[in-house]
Enquirer: 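One structure, as structure tokens, below. Some questions next.
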Amino acid sequence: MYPKKLNYAIIVLVTYFLNESVCSELDVGFYSYSCGMAEFIVKDEVRKSFNKNPGIAAGLVRMHFHDCFIRGCDASVLLDSTPSNTAEKDSPANKPSLRGFEVIDNAKAKLEEVCKGIVSCADIVAFAARDSVELAGGLGYDVPAGRRDGKISLASDTRTDLPPPTFNVNQLTQLFAKKGLTQNEMVTLSGAHTIGRAHCSAFSNRLYNFSSISRQDPSLHPSYVALLKRQCPQGNTNPNLVVPMDPSSPGTADVGYYIDILANRGLFTSDQTLLTTTGTARQVNQNARNPYLWANKFADAMVKMGQIGVLTGNTGEIRTNCRVVNS
């Protein structure tokens with residue numbers, strides 16, 4: 001009798017601790033005692049940058065996404081390349097489009113002055129993304145913290161772990177599923193394209209070289225094609241030429257992105273493809289009609305995404321400089 005009870009007790013304890021490790025790795029208010037001003041310092045730096053350039057909000061949200069989808073939310077996206085290694089930030093998926101690194105640097109420098117060696121770069125990225133959403137008009141949300149920083153950053157990882165703008169809905173669903181995110185959450189997080197800009201090279205194939213049957217993508221509204229062709233002329237060689245992702249409200253976190261998709265004005269193939277299945281099209285319609293519902297779902301999905309593959313406890317490190325691994 002006693003061995004059975006003992007075995008049962010062990011199973012209960014093991015299950016409890018396993019669940020704790022999954023559900024309580026990160027905590028809201030993680031720095032309340034060790035660095036009480038941490039989130040305020042990050043927000044202040046984000047706000048100062050946003051006031052100078054509102055477009056930085058989209059950059060910081062994208063940075064968080066690109067960080068979490070490669071090796072988890074471990075600030076690997078911030079590491080600089082070395083003579084022997086090309087880091088994530090210098091991959092074609094991130095350079096020159098990823099921006100906001102100086103905001104993270106500034107926040108980290110301020111934090112090191114008041115709380116040396118306490119706040120991780122990975123948490124700064126997560127806080128900055130939340131603050132960016134809020135400054136752009138979206139809902140603020142509590143960010144569970146306690147992430148630690150990784151020590152590896154490989155440009156080659158971006159080829160398999162980041163969705164290119166050419167992905168269709170099935171490819172998107174599969175990639176997000178690999179990260180523990182549902183199809184609904186994929187559609188919700190795609191709404192981040194409501195703010196920011198895109199380089200012409202990311203979608204020019206839809207304008208000039210779509211297929212052997214049609215030079216332009218027939219799923220794009222003709223008037224939108226005409227506008228994009230004026231903004232991105234064929235044969236253009238300027239790598240810095242950009243257009244807004246959501247022309248009607250490029251700096252506001254709203255449901256204009258979904259309204260655009262319904263009007264066949266999704267900029268990327270990976271945007272317009274959301275109308276190609278019943279389930280995702282239903283989500284697009286629902287989000288377009290219910291701004292507050294989408295804002296709430298987006299906040300929840302950002303929190304969930306921010307917990308992908310996190311390093312906690314004694315794993316990883318707290319970098320002194322977000323661009324380099326501690327010596």
Enquirer: Do side-chain atoms of Ser214 reach the backbone of Phe210 as a donor and acceptor pair under 3.5 angstrom?
Expert: no

Enquirer: Output yes when Asp80 and Lys89 qualify as a salt bridge under the 4.0 Å nitrogen-oxygen rule, no when they do not.
Expert: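 Judged by the 4.0 Å cut-off on N to carboxylate O distance, Asp80 and Lys89 do form a salt bridge.
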
Enquirer: Would you say the side chains of Tyr224 and Asn264 form a donor-acceptor pair under 3.5 Å?
Expert: no

Enquirer: Is the distance between the ring centroids of Tyr141 and Phe298 less than 6.0 Å?
Expert: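 Not close enough - the centres of the two rings lie 6.0 Å or further apart.
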
Enquirer: Tell me, yes or no, whether the heavy-atom count around Asn240 atom CG, taken from other residues, nucleotides or ligands under 6.0 Å, exceeds 12.
Expert: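 Yes, enclosed.
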
Enquirer: Under the criterion side chain to side chain contact (heavy atoms under 4.5 Å, CB included), I'd like the reasoning laid out for Cys115 against Tyr31: C-alpha separation, chi angles, the key distance, then a yes or no.
Expert: CA-CA 10 Å; Cys115 312; Tyr31 296 108; over 6 Å; no

Enquirer: Using every non-hydrogen atom in the two residues, find where Thr160 and Leu175 come nearest and quote the distance to one decimal.
Expert: O-CD1, 3.8 Å

Enquirer: Mind checking whether Ile41 and Val114 have side chains closer than 4.5 Å, heavy atoms only?
Expert: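 Yes, side chains in contact.
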
Enquirer: Check Arg206 with Asp217, please: is the shortest side-chain N to carboxylate O separation under 4.0 Å?
Expert: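 Here Asp217 pairs with Arg206 in a salt bridge, since their nearest N and O are under 4.0 Å apart.
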
Enquirer: When you look at Glu45 and Ile104, which way does the side chain to side chain contact (heavy atoms under 4.5 Å, CB included) test go after all the steps?
Expert: CA-CA 8 Å; Glu45 288 301 320; Ile104 306 301; over 6 Å; no

Enquirer: What is the distance from atom OG of Ser190 to atom OH of Tyr258, rounded to the nearest 0.5 Å?
Expert: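 One finds 6.0 Å between OG of Ser190 and OH of Tyr258.
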
Enquirer: Do you see a donor-acceptor pair shorter than 3.5 Å between the side chains of Asp254 and Thr252?
Expert: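 No - no donor-acceptor pair under 3.5 Å links their side chains.
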
Enquirer: I'd like to know if Leu189 and Val77 are part of one continuous hydrophobic network [Ile/Leu/Val/Met/Phe/Trp/Tyr, side-chain heavy atoms within less than 4.5 Å].
Expert: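 Yes, Val77 and Leu189 fall within the same hydrophobic cluster.
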
Enquirer: Is there a side chain to side chain contact (heavy atoms under 4.5 Å, CB included) between Val255 and Thr194? Walk through the geometry before answering.
Expert: CA-CA 7 Å; Val255 296; Thr194 183; over 6 Å; no

Enquirer: Using only heavy-atom distances, determine whether the side chains of Asn106 and Lys48 contain a donor-acceptor pair under 3.5 Å.
Expert: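 No, Lys48 and Asn106 have no side-chain donor paired with an acceptor closer than 3.5 Å.
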
Enquirer: Treating Ile, Leu, Val, Met, Phe, Trp and Tyr as nodes and any side-chain heavy-atom pair under 4.5 angstrom as an edge, say whether Met245 and Met63 lie in one connected cluster.
Expert: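 In one cluster: no.
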
Enquirer: So, does Gln174 use its side chain to make a donor-acceptor pair with the main chain of Gln171 at under 3.5 Å?
Expert: no

Enquirer: Indicate yes or no for a side-chain donor-acceptor contact from Asp67 to the backbone of Val125 under 3.5 Å, with no hydrogens or angles considered.
Expert: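 Checking the backbone N and O of Val125 against the side chain of Asp67, no donor-acceptor pair under 3.5 Å is found.
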
Enquirer: Determine whether Cys232 and Lys229 make a side-chain contact, defined as any pair of heavy atoms from C-beta on separated by less than 4.5 Å.
Expert: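 Side chain of Cys232 against side chain of Lys229, heavy atoms only: no contact under 4.5 Å found.
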
Enquirer: For the residue pair Leu172 and Ser270, establish whether any side-chain heavy-atom pair is separated by less than 4.5 Å.
Expert: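 Yes, their side chains come closer than 4.5 Å.
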
Enquirer: Under 3.5 Å, side chain of Thr315 to main-chain N/O of Leu311, donor-acceptor pair present?
Expert: no

Enquirer: Rounded at 0.5 Å granularity, tell me how far OG1 in Thr173 sits from CZ in Phe167.
Expert: 10.5 Å

Enquirer: Between Arg147 and Asp74, is the closest basic N to carboxylate O distance under 4.0 Å?
Expert: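 The answer is no: the pair does not qualify as a salt bridge.
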
Enquirer: Just by modelled atom types, is the Arg99 backbone N or O under 3.5 Å from a matching donor or acceptor in the Arg62 side chain?
Expert: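 Between the backbone of Arg99 and the side chain of Arg62 there is no qualifying donor-acceptor contact (under 3.5 Å).
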
Enquirer: When you look at Asn287 and Lys297, which way does the side chain to side chain donor-acceptor pair (under 3.5 Å) test go after all the steps?
Expert: CA-CA 9 Å; Asn287 292 338; Lys297 290 196 302 180; 2.9 Å; yes

Enquirer: Are Lys108 and Asn321 close enough that some pair of their side-chain heavy atoms sits under 4.5 Å apart?
Expert: no

Enquirer: Start with the C-alpha distance between Arg47 and Asp131, add both sets of side-chain angles, then the distance that settles salt bridge (Lys or Arg N to Asp or Glu O under 4.0 Å), and finish with yes or no.
Expert: CA-CA 8 Å; Arg47 184 183 289 111; Asp131 300 335; over 6 Å; no

Enquirer: Do Thr280 and Thr277 have side-chain N/O donor and acceptor atoms under 3.5 Å apart?
Expert: yes

Enquirer: Same cluster or not: Val46 versus Val303, using hydrophobic residues (I, L, V, M, F, W, Y) connected whenever any side-chain heavy atoms lie under 4.5 Å apart?
Expert: yes

Enquirer: Show the numbers, then the answer: is there a side chain to side chain contact (heavy atoms under 4.5 Å, CB included) between Leu79 and Arg323?
Expert: CA-CA 4 Å; Leu79 288 171; Arg323 293 174 178 265; 6.0 Å; no

Enquirer: Of all the heavy-atom pairs spanning Ala198 and Leu267, show the shortest one and how long it is.
Expert: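 Taking Ala198 first and Leu267 second, the nearest heavy atoms are CB-CD2, 3.6 Å.
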
Enquirer: Quick test of your reading of the model: are Glu39 and Lys43 salt-bridged, counting only N-O distances below 4.0 Å?
Expert: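 No, this pair does not count.
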
Enquirer: Can a side-chain donor-acceptor contact be found between His221 and Ser223 if the only test is distance below 3.5 angstrom?
Expert: yes

Enquirer: Look only at the side chain of Asp27 and the backbone of Gly29, and say whether a donor-acceptor pair between them is shorter than 3.5 Å.
Expert: no

Enquirer: Do the ring planes of Phe268 and Phe203 sit parallel (below 30°), tilted (30 to 60°) or perpendicular (above 60°)?
Expert: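 Answer is tilted, since the angle falls between 30° and 60°.
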
Enquirer: Is atom NZ of Lys304 surrounded by more than 12 heavy atoms (other residues, nucleotides or ligands) closer than 6.0 Å?
Expert: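 Count over threshold, so yes.
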
Enquirer: Do Asp246 and His193 have side-chain N/O donor and acceptor atoms under 3.5 Å apart?
Expert: no

Enquirer: Within this structure, what is the CE-CG distance for the pair Met186 and Leu274, rounded to the nearest 0.5 Å?
Expert: 5.5 Å

Enquirer: Checking Asp149 side chain against Ser120 main chain: does a donor-acceptor pair fall under 3.5 Å?
Expert: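 No; zero donor-acceptor contacts below 3.5 Å.
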
Enquirer: Output yes when a side-chain donor or acceptor of Asn290 lies under 3.5 Å from a complementary backbone atom of Tyr292, and no otherwise.
Expert: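 Between the backbone of Tyr292 and the side chain of Asn290 there is no qualifying donor-acceptor contact (under 3.5 Å).
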
Enquirer: Assess the side chains of Ser76 and Glu88: does a donor N or O sit below 3.5 Å from an acceptor N or O?
Expert: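 Side-chain D/A pair, Ser76 to Glu88: present.
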
Enquirer: May I ask you to say whether Asp161 pairs ionically with Lys179, meaning some side-chain N is under 4.0 Å from a carboxylate O?
Expert: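 Lys179 and Asp161: salt-bridged.
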
Enquirer: Are Ile118 and Met37 co-members of a hydrophobic cluster defined by side-chain heavy atoms under 4.5 Å apart?
Expert: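 Met37 clusters together with Ile118.
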
Enquirer: Going from CD on Glu185 to CG on Asp300, what distance comes out if it is rounded to the nearest 0.5 angstrom?
Expert: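 Nearest 0.5 Å value for the CD-CG distance: 8.5 Å.
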
Enquirer: Could you tell me if the side chain of Thr158 sits less than 4.5 Å from the side chain of Asn94, heavy atoms only?
Expert: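 Asn94 vs Thr158: side chains touch.
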
Enquirer: What is the minimum heavy-atom distance between Asp123 and Gly146, and which atoms define it?
Expert: OD2-N, 2.9 Å

Enquirer: Are Leu220 and Leu207 side-chain neighbours, meaning at least one heavy-atom pair lies under 4.5 Å?
Expert: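 With C-beta onward as the side chain, the pair touches.
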
Enquirer: Identify the two heavy atoms, one from Ile308 and one from Cys68, that lie closest to each other, and give their separation to 0.1 Å.
Expert: CG2-O, 3.7 Å

Enquirer: With a 4.5 Å limit on heavy-atom distance, are the side chains of Phe65 and Met302 in contact?
Expert: no

Enquirer: His199 versus Ser97: any side-chain heavy-atom pair under 4.5 Å?
Expert: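 In short, these two side chains touch, coming nearer than 4.5 Å.
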
Enquirer: With no hydrogens and no angle check, do the side chains of Gln272 and Ser219 hold a donor and an acceptor under 3.5 Å apart?
Expert: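 No pair is found: no donor N or O on one side chain lies under 3.5 Å from an acceptor on the other.
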
Enquirer: Any chain of hydrophobic side-chain contacts (each under 4.5 Å) joining Leu26 to Ile124?
Expert: no

Enquirer: Where do Glu317 and Arg148 land on the salt bridge (Lys or Arg N to Asp or Glu O under 4.0 Å) test, with the steps shown first?
Expert: CA-CA 6 Å; Glu317 63 181 11; Arg148 288 170 67 85; over 6 Å; no

Enquirer: Can you tell me how far CD of Glu134 sits from CG of Leu139, rounded to the nearest 0.5 angstrom?
Expert: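 If we round to the nearest 0.5 Å, Leu139:CG and Glu134:CD are 8.5 Å apart.
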
Enquirer: Nearest 0.5 Å please: distance from the CD atom of Gln234 over to the SG atom of Cys200.
Expert: 12.5 Å

Enquirer: Taking Asn85 for its side chain and Ser153 for its backbone only, find out whether a donor-acceptor pair lies under 3.5 Å.
Expert: yes

Enquirer: I'd like to know if the side chain of Thr273 reaches the main chain of Val169, judged simply by a donor and an acceptor atom lying under 3.5 Å from each other, with no hydrogens or angles considered.
Expert: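 Yes: the side chain of Thr273 pairs with the backbone of Val169.
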
